2 protein chains.
Amino acid sequence: MTKSLYREGSCSVLAVQKIIAGKWKLSILWQLSQGTKRFNQLQKLLSEISQGILTQQLRELEQDGLVHREIYREVPPKVEYSLTTLGESFMPVLATIRNWGDQYLNTRSESHTI
Amino acid sequence: MTKSLYREGSCSVLAVQKIIAGKWKLSILWQLSQGTKRFNQLQKLLSEISQGILTQQLRELEQDGLVHREIYREVPPKVEYSLTTLGESFMPVLATIRNWGDQYLNTRSESHTI
DNA sequence: CAGTATCCCTGACGATACTG
DNA sequence: CAGTATCGTCAGGGATACTG
């Protein structure tokens with residue numbers, strides 16, 4: 001009954017793929033999992049990202065429900081980004097990917113098993 | 001010690017991201033997890049993919065060590081694609097992603113929890 | 001059958017300048 | 001500080017024609 005286990009294959013998988021497809025999405029999620037960050041903080045942590053792209057990727061993550069945006073009406077402006085509970089629920093998935101990635105990098109440098 | 005658990009963050013994660021970034025990669029891996037397939041079979045299963053792209057994505061998966069390409073010297077030519085053990089080791093990861101994806105799709109259609 | 005070769009097109013990404 | 005607006009670039013993907 002692998003059919004029922006996996007249904008039509010990778011349908012919901014492709015949804016996830018879309019969410020994390022952005023070049024910086026995973027890095028942003030990772031940084032936010034380490035704690036709430038302000039816009040400028042993120043920009044410094046992801047040293048190569050430009051303002052426009054950071055804004056865009058954050059908006060998308062926000063729309064996808066993974067990231068929360070808290071605006072403080074102050075002068076100068078202050079905006080804090082954090083993971084939603086949904087975003088936090090993704091962290092175990094990210095860890096699984098990372099674990100496989102670690103093993104992958106090791107395996108690749110050793111042999112090329114069939 | 002979250003530092004040591006996650007090291008530099010998403011380093012190895014980004015490696016995985018690269019591997020599965022191709023538009024058809026996950027679908028191909030999924031299809032091959034269901035059993036060995038010939039080139040034409042894959043093309044029919046991924047009904048919208050063009051020959052050139054299918055070839056390209058398969059070559060990349062092969063180079064990344066996830067897919068094995070078996071060539072039968074016959075006329076007409078016969079080539080079979082299957083998962084390597086490394087490719088099969090990725091299936092649990094794919095399942096994890098799919099599970100989260102399922103819950104994600106459900107959660108999203110219900111409420112937008114913070 | 002299983003490709004290769006070629007050309008085209010879009011959309012993601014990025015640099016820069018400006019603003020409430 | 002945290003954006004928006006605009007323009008430019010480039011790689012991934014795709015259509016088509018051809019081949020061992």
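None of the values given here were measured: they were computed from a predicted structure. Letters A, B, ... are given to chains in the order of the sequence lines, protein chains preceding strands, and every chain is numbered from 1.
Residues satisfying the side-chain hydrogen bond (donor to acceptor under 3.5 Å, both in side chains) criterion with A/Glu70, sequence neighbours excluded, are A/His68. Under the side-chain hydrogen bond (donor to acceptor under 3.5 Å, both in side chains) criterion, A/Ser89 pairs with B/Trp100, not counting sequence neighbours. When the side-chain hydrogen bond (donor to acceptor under 3.5 Å, both in side chains) test is applied to B/Glu80, the partners found at least two apart in sequence or on another chain are B/Tyr72. Evaluation of the side-chain hydrogen bond (donor to acceptor under 3.5 Å, both in side chains) rule for B/Glu60 yields B/Lys25, B/Gln56 as partners, not counting sequence neighbours. The side chain to side chain contact (heavy atoms under 4.5 Å, CB included) check on B/Ile20 picks up B/Val16, B/Leu26, B/Phe90, with sequence neighbours excluded.
One atom, CD of A/Gln43, and another, P of C/dG14, lie 12 Å apart when rounded to the nearest Å. Rounded to whole angstrom, the span from the CG atom of B/Leu54 across to the P atom of C/dA5 amounts to 16 Å.
Between the side chain of A/Thr36 and the backbone N or O of A/Ser82, no donor-acceptor pair lies under 3.5 Å.
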Check: residues 45-53 of chain A side-chain donor-acceptor pairs under 3.5 Å, at least two apart:
none

Subject >> Watson-Crick or G-U pairs under 3.5 Å in DNA chain D, rendered as dot-bracket with [ ] for crossing pairs and | for another strand >> reply: ||||||||||||||||||||
Original post:
Can you give one letter per nucleotide of nucleotides 1-15 of chain D, 5' to 3': B if a protein heavy atom sits under 4.0 Å from the base, S if only from the sugar-phosphate, - if neither?
Top reply: BBBB--------BBS
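For residues 26-35 of chain A, no pair satisfies salt bridge (Lys or Arg N to Asp or Glu O under 4.0 Å), with sequence neighbours left out.
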